[in-house]
Structures are given as C-alpha cells and as structure tokens.
Amino acid sequence: MNACIRAVVRAAIHFDFEVYGVQRGYQGLIENSIKKMSAGSVANIIQLGGTVLKTARSKEFMTPEGRKKAYENLQKHGIEGLVCIGGNGTYTGAMIFEKEFGIPSVGCPGTIDNDLSGTDYTIGYDTAINTAMDAIDKIRDTADSHNRVFFIEVMGRHSGHIALNAGIAGGAEGIFIPERENELRDIMKTYENKRRKKEFSIFVVAEGEEDGKAFDIAHKFQEAYPETDCKVTVLGHIQRGGRPTANDRILASRLGAHAVKALSEGHRNVAIGVIDNSIELTPFQEAIYAKKDVNENLWVMNSIITR
Ligand code: F6P
C-alpha cells in the first residue's frame, strides 16, 4: 500500500492538486486525522509493508452521523475527491458517501485475497503468495525429514486465490479452496494410489474452505490414515506483512498514479485495475458484486500434475 500512497501523492502533485493523507482510513476522516502531503513525505516508503497512513475498520463511518462528521472535515481542508485503497467495505463506504455528499472517489484494490473483480491482481497478493510459498518450502524440510503429512492453512476468508497459487508454486500435493468441492475425497484417492511410493505430503488449505479449516481436515485425514503423522501449520498474518515484491510495488504504483488521473478526468465510483496488463476502470458496484473465480485452467493443470 505504501507504493500506492507514494504514487498517489506524486501523481497528484504532477497534476497540480494539493494532496492530503488520511490516517486510519474512514476513521481518520471522522477524527480529522488529515495531513498535507508533499513529494518528500512519501520518500523512502516504497520498500515498506503495511501502510504509513495506518488503517482501521470504522464502525462509525457506517452511521450517517459518522459520515456527516467526515464530510465536515473534508470541507475544512477543501478536499474535493478521494482515492481509497481497500476492498469491498472500502468501495461500499465510498459509494454511500458519494451518494450522500457528492464527494467523488476512485478506488485502488488492496487486499491480499485477490478476490476483487476489475483487476487481475490486487495490491498485496503477490507478496502474500511469495511469503506463503517460502513458508511451504521451509515446512517441506520437516515433512521430508520426518515423513509427515502437513496441512498448511493460508489466508483467504472467502477465496482460494492464495491457496491455489501458493500451493502450485510450493508443489503441494493437494489444495483445498472454497470455490471447489470434494477436494478431500479426491485427495484421499490420489493419496491411496501414491502411498507406497511417497512418504510425506503437503496440502494447502484456504482458511475459507467449506469443509473446515486445516485442523478439521487434518483430523479427518488422520482418522482415515491412523498410521500417518499429521501436522498443521496456520500461516496467519505473516502473509499480510513484510517487504513487498517487485510485482506488488509496480502494480501499486500504476494503480495509484492512474487513480489520480481518473479523478482529474472526472471519474467517480470506479475502481482502477490492471487487466491483461492494461489499466481498466470498473464501477464499484461491479467490482464488489461480480465474484472473481480462481483460474480454472490452473486448477485443472494442477490436478493433472499432482495426480
Ligand atoms: O484482507 C483479507 C484477509 O486477509 C482475510 O484473508 C483474513 O481472514 C482477514 O483479512 C484477516 O483480517 P483481520 O486481520 O482483521 O483478522
């Protein structure tokens, strides 16, 4: 997100706008935590994870009173448009705010889950899958040395993008994602066939998997194969931090710079995205509600090479 903030500030200055940074998202608008930014204020942040502006889930912004306070604070600073980095909640808040007070917003998709439509990739996703892959590589050493079966849980509340892609990159024998069914049945079948040849296995489970979390699936597997030594690792928030990858920094820079350009051209209620390496604008409504499925070709390819 820092690469995106940097790009927004620098592009805004290029277009002769005054630019302000809002601390802690919508909550900062309500609390008037708004400060003027300069080109220098975003120097030396592109390599940092997290966000220098900080973030929050604002319950108050969900109320008309909270949004009124936010509007009054924007008026004080003469702010006429917003660039919002986030996901569904952020876009929904921006749409309601625009409807009530006429403040135009342009969104930059920021979530490690990569589950927003209107872009091939979201900010943070590439870093997250690289972190997960790195962890899988490390866990593989124990799995191999001790002949264990590992179930590694990755993030993805409602989606399997991280699990599928980190699982392929990490060479997992099986992947569990909420978008597909019967993975345990299929994996058990493959496992039965390979059992005599292969002594350890790695399975990647999306946290939103409908058959349960990694612990539930590992439990079922252990019951079916009592002789195996099953272990579970939940990767958790390590996937949401750390030094961003080059791909993430480039994507975030492109999205941030184009968000300012779009605002300057009078666009509102749209999310910026990169599709097939081109910048695209998608109405918030569509970006929120059109579910982005995982790549079916990848899923099929992976089932072929792991059978
Ligand atoms: O941003 C989405 C996500 O990464 C989910 O995959 C995960 O469940 C969630 O955030 C965790 O959010 P929090 O840190 O608020 O628990």
Side-chain angles (χ1 to χ4, degrees), residues 1-5 23-28 48-62 84-94 107-136 151-167 169-170 172 175-180 203-217 232-245 247-248 251-252 255 271-273 284 287-295:
M1 281 190 277
N2 288 320
C4 188
I5 293 166
Q23 300 262 324
R24 298 184 309 284
Y26 294 135
Q27 193 55 32
L48 305 176
T51 155
V52 291
L53 289 177
K54 299 185 182 286
T55 186
R57 298 192 197 282
S58 175
K59 288 217 170 84
E60 223 182 324
F61 196 74
M62 293 177 192
C84 309
I85 309 172
N88 285 350
T90 305
Y91 292 174
T92 306
C108 291
T111 164
I112 64 163
D113 292 349
N114 198 32
D115 58 350
L116 288 171
S117 292
T119 191
D120 289 339
Y121 302 109
T122 53
I123 299 170
Y125 168 68
D126 190 64
T127 305
I129 58 173
N130 276 286
T131 300
M133 177 189 72
D134 191 42
I136 295 167
F151 290 83
I152 302 172
E153 186 176 295
V154 297
M155 276 187 167
R157 248 183 301 194
H158 309 295
S159 72
H161 293 273
I162 297 178
L164 176 58
N165 288 275
I175 298 170
F176 295 76
I177 55 173
E179 294 86 346
R180 297 292 180 271
F203 299 115
V204 172
V205 184
E207 66 172 324
E209 165 61 19
E210 274 160 12
D211 286 344
K213 298 212 171 212
F215 277 103
D216 306 313
I217 294 170
V232 175
T233 304
V234 178
L235 298 186
H237 288 81
I238 65 162
Q239 296 159 96
R240 285 229 308 224
R243 211 171 143 248
T245 59
N247 278 338
D248 253 335
L251 173 72
L255 295 173
I272 306 289
F284 279 152
I288 295 168
Y289 296 109
K291 172 103 176 101
K292 182 159 98 193
D293 197 4
V294 293
N295 185 327

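Owing to the predicted nature of the structure, the values given are computational and were not obtained by experimental measurement. In listed order, ligands and their atoms are each counted from 1.
- In this structure, R57 has a heavy atom closer than 4.0 Å to ligand 1.
- N114 places a side-chain heavy atom less than 4.5 Å from the side chain of K292.
- The aromatic rings of Y26 and F61 lie parallel to each other, with less than 30° between the two planes, well short of the 60° mark.
- Annotation: atom 2 (C) of ligand 1 to nearest protein heavy atom, D113 OD2, 2.9 Å.
- Looking at ligand 1, you won't find any N or O of I112 less than 3.5 Å from one of its N or O atoms.
- Here the shortest heavy-atom distance to atom 12 (O) of ligand 1, taken over R157, R240, E207, belongs to R240.
- Ligand 1 places these atoms under 4.0 Å from at least one heavy atom of T111: 1 (O).
- Applying the salt bridge (charged side-chain N to carboxylate O under 4.0 Å, His left out) test to residues at least two apart or on different chains, the pairs with a partner in residues 122-134 are D134-K138.
- For the atom pair Y121 OH and I129 CD1, the distance stands at 7.5 Å (nearest 0.5 Å).
- Relative orientation of the F284 and Y91 rings is parallel, given thresholds of 30° and 60° on the angle between their planes.
- Of all the atoms in ligand 1, the ones that sit under 4.0 Å from a non-hydrogen atom of H237 are 13 (P), 14 (O), 16 (O).
- Distances shorter than 4.0 angstrom do not occur between any heavy atom of Q239 and any atom of ligand 1.
- A salt bridge links K213 and E207; the closest N-O separation between the charged side-chain nitrogens and carboxylate oxygens is under 4.0 Å.
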